[in-house]
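In what follows, a single structure is set out as structure tokens and then discussed.
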Amino acid sequence: MGLALKTRRVRRKSMAAKTKFRGSFTALVTPFKNGSLDEAAFRSLVDWQISEGTNGLVPVGTTGESPTLSHDEHKKVVEWCIEEAKGRVPVVAGAGSNSTKEAIELAQHAEKAGADAVLVVTPYYNKPTQEGMYQHFKAINDAIGIPIIIYNIPPRSVIDMSVDTMKRLWELKNIAGVKDATASMVRVSQQRAAMGEDFNQLSGEDATILGYMAHGGHGCISVTSNVAPRLCSEFHTAWQKGDHATALKLHDKLMPLHNNLFIESNPAPIKYAMSLLGKLDETLRLPMVPVSEPTRVAVRSAMVHAGLIN
């Protein structure tokens, strides 16, 4: 690579929309009541999360049941989250779709509503190639002016964005980092080697967070923190202080939750857990259904282990 091109690339990234998201970001559930969005419960949840020490909020991702929200509902939830957060913590709005046109529309709305960044999933079901994924994210990048966090979740999308494709995208002005749900510890180090420390790496797998941080990760977009926001936040605070012994104790306290909240498909177990705290009704939209009795027993047991209920 010539010196002029190197200089150009460095300059381009220095002008880019970077993020320094650290700690516990909650992938918020979307409460429902009588078939509709429960605005009061959602706003109350946002306020509670912030008061409990959560470092950032992620509305309308997978945990927020985005596949069964209409576009109008999706946009309302983003707006409510931003309004209720009042700038106290960053809001990373879910804006993914397997239609590039739809993803652009949702991302542009999130930017207009005041989101700090958008979370964009790799297109599911239609299975694009690496080049297709690059062009999808490039089109969104070119359409907005706020940071984009790539959401790489092979278990749900069936495709896995390669480190090489991420590196190509990192050259674009708004690509800022990744929500990494590969559960691969190797990937964190590979991505850090390819993109550097400024590439914002957030785990999307609660159970692997201790290892993820040890490999150089910056934080977690968490399901567990819906029900245990203070414990998840305390884990990251301990880690950031270099108090790894306390971080390990908190990890052990949370580990049964990290496991048992995924016995059945997310977000059914987490909605049951939150209903036990009286935070929302255990209502989901088909094809999601409430969890079975054995899963209820396992989730309750994990909540007792974490000291959330008696």
Any side-chain donor-acceptor pair under 3.5 Å between Glu65 and Thr30?
no
Working note: Glu83 + Arg43, criterion salt bridge (charged side-chain N to carboxylate O under 4.0 Å, His left out); need CA distance, chi angles, decisive distance, verdict.
CA-CA 9 Å; Glu83 286 168 15; Arg43 287 183 180 272; 2.5 Å; yes
Side-chain heavy atoms under 4.5 angstrom apart, residues restricted to Ile, Leu, Val, Met, Phe, Trp, Tyr: same cluster for Val92 and Leu69?
no
Check: Asn55 side chain, Gly23 main-chain N or O, donor-acceptor pair, under 3.5 Å:
no
Please report the closest heavy-atom contact between Ser203 and Tyr212, naming both atoms and the distance.
N-CE2, 3.4 Å
Heavy-atom pair with the smallest gap, counting every atom of Ala103 and Ile140
CB-CD1, 3.7 Å
Quick one: does Asn200's side chain have a donor or acceptor within less than 3.5 Å of a partner on His218's backbone?
no
Spell out, as yes or no, whether a donor-acceptor pair under 3.5 Å connects the side chain of Asn226 to the backbone of Val29.
yes
Quick one: does Met133's side chain get under 4.5 Å of Pro123's, heavy atoms only?
yes
May I have all residue pairs that pass ring pair (Phe, Tyr, Trp, His ring centres under 6.0 Å) and include part of residues 95-148, sequence neighbours excluded?
none
Parallel, tilted or perpendicular, as decided by the 30° and 60° cut-offs, for the rings of Phe235 and His251:
tilted
With a sphere of 6.0 Å drawn around CZ of Arg192, does it hold more than 12 non-hydrogen atoms of other residues, nucleotides or ligands?
yes
Taking atom types as modelled, find out whether Glu264 and Ser292 have a side-chain donor-acceptor pair closer than 3.5 angstrom.
yes
If a pair satisfies side-chain hydrogen bond (donor to acceptor under 3.5 Å, both in side chains) and one of its residues is in residues 138-149, list it, with sequence neighbours excluded.
Lys138-Asp142
Could you work out, with salt bridge (charged side-chain N to carboxylate O under 4.0 Å, His left out) as the rule, every residue matching Glu73, not counting sequence neighbours?
Arg285
By salt bridge (charged side-chain N to carboxylate O under 4.0 Å, His left out), which residues pair with Arg168, not counting sequence neighbours?
Glu131
Under the 3.5 angstrom rule, does the side chain of Asn152 hit a backbone N or O of Asp180 as a donor-acceptor pair?
no
Might you work through the salt bridge (charged side-chain N to carboxylate O under 4.0 Å, His left out) test for Lys249 and Glu234, ending with a clear yes or no?
CA-CA 11 Å; Lys249 281 179 187 171; Glu234 286 174 351; over 6 Å; no
Which residues pass the salt bridge (charged side-chain N to carboxylate O under 4.0 Å, His left out) test with Lys86, not counting sequence neighbours?
Glu84
Regarding Ser162 and Asp164, do their side chains bring together a donor and an acceptor under 3.5 Å, going by distance alone?
no
Hydrophobic cluster membership, with links at side-chain heavy-atom distances under 4.5 Å among I/L/V/M/F/W/Y: are Val89 and Ile221 in one?
no
Of the non-hydrogen atoms in Ile50 and Ala85, which two are nearest, and what is the gap between them?
CD1-CA, 3.8 Å
For the pair Gln201 (side chain) and Ser189 (backbone), establish whether a donor and an acceptor sit closer than 3.5 Å, ignoring hydrogens and angles.
no
Leu284 versus Pro290: any side-chain heavy-atom pair under 4.5 Å?
yes
Test your reading of the model: is there a side-chain donor-acceptor pair from Lys271 to the backbone of Thr283, 3.5 Å cut-off?
yes
For the residue pair Phe42 and Cys81, what are the closest heavy atoms and their distance?
CE2-N, 3.6 Å
With side chain to side chain donor-acceptor pair (under 3.5 Å) as the test, pick out the partner of Ser157 among Asn98, Thr122, Asn126, Thr62.
Thr122
Between Lys75 and Glu105, is any pair of side-chain heavy atoms under 4.5 Å apart?
yes
Looking only at heavy atoms, what is the nearest atom pair of Val58 and Leu119, with distance?
CG1-CD2, 3.8 Å
Can you find a heavy atom in the side chain of Ile159 that is under 4.5 Å from one in the side chain of Pro128?
yes
Are Val118 and Tyr151 linked, directly or through intermediate hydrophobic residues, by side-chain heavy-atom contacts shorter than 4.5 Å (ILVMFWY only)?
no
Quick one: does any side-chain atom of His236 pair with a main-chain N or O of Phe25 as donor and acceptor, under 3.5 Å?
no
Should Ile144 and Val178 be regarded as members of a common hydrophobic cluster, given that ILVMFWY residues are connected when their side-chain heavy atoms come within less than 4.5 Å of each other, either directly or indirectly?
yes
Just by modelled atom types, is the Glu282 backbone N or O under 3.5 Å from a matching donor or acceptor in the Ser275 side chain?
no
Report the residues that fulfil salt bridge (charged side-chain N to carboxylate O under 4.0 Å, His left out) with Arg22, sequence neighbours left out, ordered by chain and then residue number.
none
Is the backbone of Phe21 close enough, under 3.5 Å, to the side chain of Thr19 for a donor and an acceptor to pair up by distance?
no
Heavy atoms of Lys33 and Asp38 approach each other most closely as CD-OD2, 3.6 Å
Is it possible for you to say whether Trp80 and Leu45 belong to one hydrophobic cluster, with membership spreading through side-chain heavy-atom contacts below 4.5 Å?
yes
